[in-house]
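What follows is a set of notes on a single structure, which appears directly below.
Every heavy atom of this structure was used, including side-chain atoms; hydrogens, water molecules and symmetry mates were not.
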Amino acid sequence: MKGLAEGRPDMGPAAGARMPLAAKVSNRVLASPDFFILRLAVGAVAWQLAGRMVRTVSGKLLLGMVVWFGLLAMSPALHAAPEAVAEPTLDQQIDAWFGKITGPFVDAIFCEVPIGGYHAKVVVFWLAAAGLILTVAFRFINIRAFGLALRTVRGKYSVPSDPGEVTHFQALSAAVSGTVGLGNIAGVAIGIQNGGPGVAFWLFLSGFLGMSTKFAECTLGVKYRDFDAEGRVHGGAMYYLRKGFAERGMRPVGLALAGFFAVMCVFASFGGGNVFQVNQVTAQLVSITGGENSFFHDKQWVFGTIMALMTALVIIGGIRGIAKVTDKLVPLMCVTYVVSCLIVLAVNAQDIIPALGRIMTEAFQPRAAVIGGLLSAFIWGMRRATFSNEAGIGSAPIAHAAAKTRRPASEGVVALLEPFLDTVVICTMTALVLCVTMRFDGAGGNFTIHGQSFVLGQVFGDGTQFGIQMTSLSFETVNSAFKYVLFACVFLFAFSTLITWSYYGMQAWQYLFGKNDLVAWSYKVIFCLIIIVGASASMGKATDFSDASLFAMSIPNLIGVYFLLPVVRRELNRFVAFSKRVDAGATIAEADAAERATRNVGLLK
């Protein structure tokens with residue numbers, strides 16, 4: 001990310017600076033034939049280890065190529081001696097060129113409208129409005145179906161023989177792992193830093209409304225999914241856009257919307273789902289291990305290679321392999337983070353009531369230092385929630401489509417738990433921790449966290465790192481070592497996002513290029529190699545384009561959701577009737593038979 005390369009010893013030494021003897025020896029070793037032999041040897045060892053861990057040749061190749069690329073990153077070609085005059089690096093030149101090409105698209109997606117003297121992004125209103133509209137359209141399904149969702153995720157209304165690849169819980173955990181990421185830690189802090197403590201209230205409300213959006217889009221994800229010859233599921237917005245519009249005689253429109261969505265999904269998976277995650281967690285690792293004195297300061301590719309290997313081992317198994325990891329990882333990381341937050345709150349218990357008072361008061365009457373007042377607090381709360389839980393983006397239906405079920409709405413009600421966990425629980429805990437540890441100097445915008453001074457509305461350097469630093473200081477009010485607990489959470493959040501977004505991107509990739517193993521493995525190889533590059537690359541413009549791609553996905557997705565609302569309502573009524581029969585004591589087989597009988601009577605009429 002922007003700023004990570006700044007300050008490195010190799011990014012602009014004084015003219016005439018001499019290379020240290022150790023660096024000369026290192027480069028000679030790296031360039032020697034013996035080191036080339038070492039690469040081959042390590043590659044061979046990696047192949048043998050891969051043979052013990054994976055069965056397919058393509059899987060071995062993936063692991064072998066990741067190790068080889070990591071070793072290649074050590075070569076002098078990628079770590080050349082410093083020049084006397086600092087010049088833009090290759091990635092900076094590419095980034096600048098890329099920004100010129102993609103700038104108009106990024107500006108269009110993130111266009112702003114002035115409201116009361118405050119500039120707000122249109123895409124935030126587009127996503128927030130969807131939550132409100134769908135909550136009203138389905139008569140507060142986020143409240144009415146919450147108990148039903150809990151019963152469904154436990155498997156009460158399904159059997160192992162139902163079509164699909166993973167259980168309801170595994171599908172939910174895979175989707176949650178894709179949304180619970182750095183936005184839950186850094187994004188919330190940035191929102192509060194700009195909009196004040198009142199942002200926490202609007203954040204909570206937006207997460208609540210997003211539950212209805214997730215219900216609708218994930219119901220459609222299961223309804224219009226495909227199965228290939230191997231029994232693997234292919235689903236997501238691209239499929240319900242194509243099929244749903246075709247059913248209504250608008251096939252060309254559906255194809256265009258689906259194609260646009262798939263292309264944007266691939267770009268988003270490489271950026272926000274990959275480079276951004278690994279880049280930020282690497283920067284945090286460098287920060288807590290000594291900054292410029294850290295071993296990883298000029299060897300970020302080492303950590304990138306480790307992350308790539310870990311990701312490769314998981315994504316080799318497809319959605320089933322991912323689900324086997326996430327159904328254990330998600331509960332672990334969520335419980336770890338929530339418990340850590342509760343400890344922070346317990347240590348600062350005397351400040352909880354005053355903090356809650358500030359949240360409720362400043363949600364409607366922000367302090368004067370907040371530029372934009374109430375509108376600013378509202379927009380920042382909605383913005384951080386929609387950016388975090390991705391409700392309306394269309395990514396989650398890809399994971400939920402793999403659920404084992406015969407009734408699409410059953411997975412839809414399970415999906416509404418996703419924004420609840422991501423935003424109502426995780427984001428709210430972050431907001432509470434921050435608000436409780438903020439010490440304001442009167443009614444102004446000056447405050448401190450653990451002795452460090454801040455001013456509302458002022459964010460310096462890399463925004464994400466700034467937000468992580470704020471949250472880290474809140475954690476350190478317990479003990480200075482608590483920053484390592486936060487890093488563990490940051491790492492787990494980033495890793496979980498990597499593995500889930502690799503699946504999202506691969507599904508879109510296969511939609512565009514074909515559903516075969518070669519296409520799938522080509523994407524996996526590219527994704528893992530980008531992790532290594534992303535650990536140390538500074539590609540701000542490319543990341544901006546990826547972020548724009550992510551939110552561009554919401555345009556065709558929500559058009560499809562609105563267009564197919566009658567389908568969602570029909571599937572909901574069908575599942576609710578089925579669940580009532582099972583709740584009344586009928587077996588699943590008996591409830592199935594009763595449903596078929598009812599349908600046949602309807603056909604006769």
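- The CZ atom of Arg574 sits 10.0 Å away from the CZ atom of Arg570 when rounded to the nearest 0.5 Å.
- Scored by the side chain to side chain donor-acceptor pair (under 3.5 Å) test, Glu362 finds Arg367 as partners (sequence neighbours excluded).
- A 4.5 Å side-chain heavy-atom check between Leu550 and Ile393 finds at least one atom pair inside the cut-off.
- Thr471 places a side-chain N or O within 3.5 Å of a backbone atom of Gly467 that can act as its donor or acceptor partner.
- Residues Arg242 and Asp226 form a side-chain contact, since some pair of their non-hydrogen atoms from C-beta on lies under 4.5 Å apart.
- The main-chain N or O of Ser554 is found under 3.5 Å from a side-chain atom of Trp126 such that the two form a donor-acceptor pair.
- What you find for Thr326 and Ser177 is that their closest heavy atoms are CG2-OG, 3.5 Å.
- Ala262 pairs by the side-chain contact (heavy atoms from CB on, under 4.5 Å) definition with Ala508, Tyr511, Leu512, not counting sequence neighbours.
- Between the OG atom in Ser173 and the CG atom in Leu329 there is a gap of 9.0 Å [rounded to 0.5 Å].
- In terms of modelled atom types and a separation under 3.5 Å, the side chain of Asn194 and the main chain of Ile190 share a donor-acceptor contact.
- Checking side-chain atoms of Thr213 against main-chain N and O of Ala391 turns up no donor-acceptor pair under 3.5 Å.
- The side chain to side chain donor-acceptor pair (under 3.5 Å) test with His168 is passed by exactly one of Glu411, His400, Arg154: Glu411.
- Without hydrogens or angle criteria, Asp162 side chain to Val159 main chain gives a donor-acceptor distance under 3.5 Å.
- Under the 3.5 Å distance criterion, the side-chain polar atoms of Ser158 are left unmatched by any main-chain donor or acceptor of Thr405.
- Counting only distance, with no hydrogens or angles, the side chain of Thr167 and the backbone of Gln170 share a donor-acceptor pair below 3.5 Å.
- The side chain to side chain donor-acceptor pair (under 3.5 Å) test applied to Lys156 returns Asp583, not counting sequence neighbours.
- Of all the heavy atoms in Gly221 and Pro397, the pair that sits closest is CA-CB, 4.1 Å.
- Among residues two or more places apart in sequence or in another chain, the side-chain contact (heavy atoms from CB on, under 4.5 Å) test is passed with Ser206 by Met382, Ala385, Thr386.
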Just distance, no hydrogens or angles: give the donor-acceptor pairs under 3.5 Å from side chains in residues 129-141, sequence neighbours left out.
unit_1: Thr135; atom_1: OG1; unit_2: Gly131; atom_2: O; d: 2.6
unit_1: Thr135; atom_1: OG1; unit_2: Ser212; atom_2: OG; d: 2.8

Inset, instruction - Before giving the answer on salt bridge (Lys or Arg N to Asp or Glu O under 4.0 Å), spell out for Arg232 and Glu165 the whole-Å C-alpha distance, their side-chain angles and the decisive distance to 0.1 Å. - result: CA-CA 7 Å; Arg232 291 176 296 223; Glu165 293 191 79; over 6 Å; no

Let me have the donor-acceptor pairs involving side chains of residues 246-255, under 3.5 Å, with sequence neighbours excluded, atom names and distances please.
unit_1: Glu247; atom_1: OE1; unit_2: Tyr224; atom_2: OH; d: 3.0
unit_1: Arg248; atom_1: NH1; unit_2: Gly244; atom_2: O; d: 3.3

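- Lys515 NZ: more than 12 foreign heavy atoms inside a 6.0 Å radius.
- A donor-acceptor contact shorter than 3.5 Å is absent between the side chain of Lys524 and the backbone of Ala520.
- In this structure Phe201 satisfies the ring-ring contact (aromatic ring centres under 6.0 Å, His included) test together with Phe364, sequence neighbours excluded.
- Minimum heavy-atom separation, Ala403 to Ala171: CB-CB, 4.0 Å.
- Every pair passing ring pair (Phe, Tyr, Trp, His ring centres under 6.0 Å) that includes a residue from residues 142-161 is listed here, sequence neighbours excluded: Phe146-Phe420, Tyr157-Phe575.
- The backbone N or O of Asn184 lies less than 3.5 Å from a partner atom in the side chain of Thr430, making a donor-acceptor pair.
- The side-chain contact (heavy atoms from CB on, under 4.5 Å) test applied to Leu421 returns Val176, not counting sequence neighbours.
- By the side-chain contact (heavy atoms from CB on, under 4.5 Å) test, Ser376 is found to be paired with Tyr118, Val370, Trp380, residues two or more places apart in sequence or in another chain being considered.
- Sorted by first and then second residue, the pairs that involve residues 205-219 and meet salt bridge (Lys or Arg N to Asp or Glu O under 4.0 Å), not counting sequence neighbours, are Lys214-Glu418.
- Under the 3.5 Å distance criterion, the side-chain polar atoms of Thr428 are matched with a main-chain donor or acceptor of Thr423.
- Legend: residues meeting ring-ring contact (aromatic ring centres under 6.0 Å, His included) with Phe208, ordered by chain and number and at least two apart, are absent.
- Minimum heavy-atom separation, Tyr523 to Gly505: OH-CA, 3.2 Å.
- Between Phe105 and Phe260, the ring-plane angle classifies as perpendicular under the 30° and 60° cut-offs.
- The structure places CZ of Phe563 at 15.0 Å from CG of Leu558, a figure rounded to the nearest 0.5 Å.
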